[in-house]
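Written below as structure tokens is the structure these notes are about.
By convention here, the first residue in the shown sequence is residue 1.
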Amino acid sequence: MSGRKETVLDLAKFVDKGVQVKLSGGRQVTGTLKGYDQLLNLVLDEAVESVRDADDPLKTTNQKRSLGLIVCRGTAVMLVSPTDGTDEIENPFLQPDGA
């Protein structure tokens, strides 16, 4: 083993591509990854936040809020996933009303 530390995530393949970032506290941001560092600080361009439901903070609404160029601090980043090749599906574990 060399003395060089490597990060768990290889974000180099996502630079200049769309990513979805989930942050601690429940915020969810989508944008174009422009840069990152070893501490997982992310720079996103054309960032858009999914607005949360005021009644149920666990749900997102269809409303979006444009943020522009942002920096996501690495300590708050919980998940980074590419937007290409992903689709949102209905929850298969949700029980129908009356069941």
Side-chain angles (χ1 to χ4, degrees):
M1 282 182 66
S2 67
R4 194 176 115 214
K5 274 190 166 183
E6 292 189 27
T7 59
V8 176
L9 291 175
D10 181 23
L11 294 175
K13 58 187 168 192
F14 299 127
V15 173
D16 291 326
K17 293 193 170 76
V19 292
Q20 180 178 5
V21 180
K22 291 193 178 185
L23 303 167
S24 60
R27 295 178 82 176
Q28 187 171 323
V29 180
T30 305
T32 304
L33 182 66
K34 290 298 182 180
Y36 65 96
D37 65 8
Q38 292 176 343
L39 301 174
L40 208 59
N41 295 316
L42 306 176
V43 178
L44 298 178
D45 195 13
E46 301 171 5
V48 177
E49 178 184 7
S50 299
V51 178
R52 308 207 65 69
D53 189 355
D55 297 329
D56 187 1
L58 298 176
K59 291 183 181 178
T60 57
T61 63
N62 290 336
Q63 291 180 315
K64 305 287 183 189
R65 184 169 70 156
S66 179
L67 301 176
L69 183 69
I70 65 168
V71 175
C72 298
R73 192 157 181 229
T75 56
V77 173
M78 304 300 285
L79 174 85
V80 179
S81 71
T83 55
D84 291 341
T86 59
D87 291 322
E88 189 171 331
I89 63 169
E90 292 293 322
N91 186 348
F93 302 107
L94 198 65
Q95 295 293 325
D97 291 340

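A heavy-atom distance below 4.5 Å is found between the side chains of Leu11 and Leu42. Between Leu44 and Leu33, some side-chain heavy-atom pair lies under the 4.5 Å cut-off.
Separating the OG1 atom in Thr75 from the CG atom in Asn41 is a distance of 7.5 Å, to the nearest 0.5 Å.
Under the 4.5 Å side-chain heavy-atom criterion for Ile, Leu, Val, Met, Phe, Trp and Tyr, Tyr36 and Val43 are members of distinct hydrophobic clusters. A continuous path of Ile, Leu, Val, Met, Phe, Trp and Tyr side chains, each step under 4.5 Å between heavy atoms, connects Val19 with Val15, placing both in one hydrophobic cluster. The hydrophobic clustering, which links ILVMFWY residues whose side-chain heavy atoms are closer than 4.5 Å, places Leu67 and Met78 apart.
Between Glu46 and Thr32 the shortest heavy-atom distance is OE1-OG1, 4.1 Å.
Side-chain atoms of Lys64 and Ser50 form a donor-acceptor pair, as typed in the model, at a separation below 3.5 Å.
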Contacts under 3.5 angstrom, residues 21-31 side chains, donor-acceptor by atom type, not counting sequence neighbours:
from  : atom 1 : to    : atom 2 : distance (Å)
Arg27 : NE     : Glu49 : OE2    : 2.9
Arg27 : NH2    : Glu49 : OE1    : 3.0
Arg27 : NH2    : Glu49 : OE2    : 3.4

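The side-chain contact (heavy atoms from CB on, under 4.5 Å) search around Asn91 returns Phe93, Leu94, not counting sequence neighbours.
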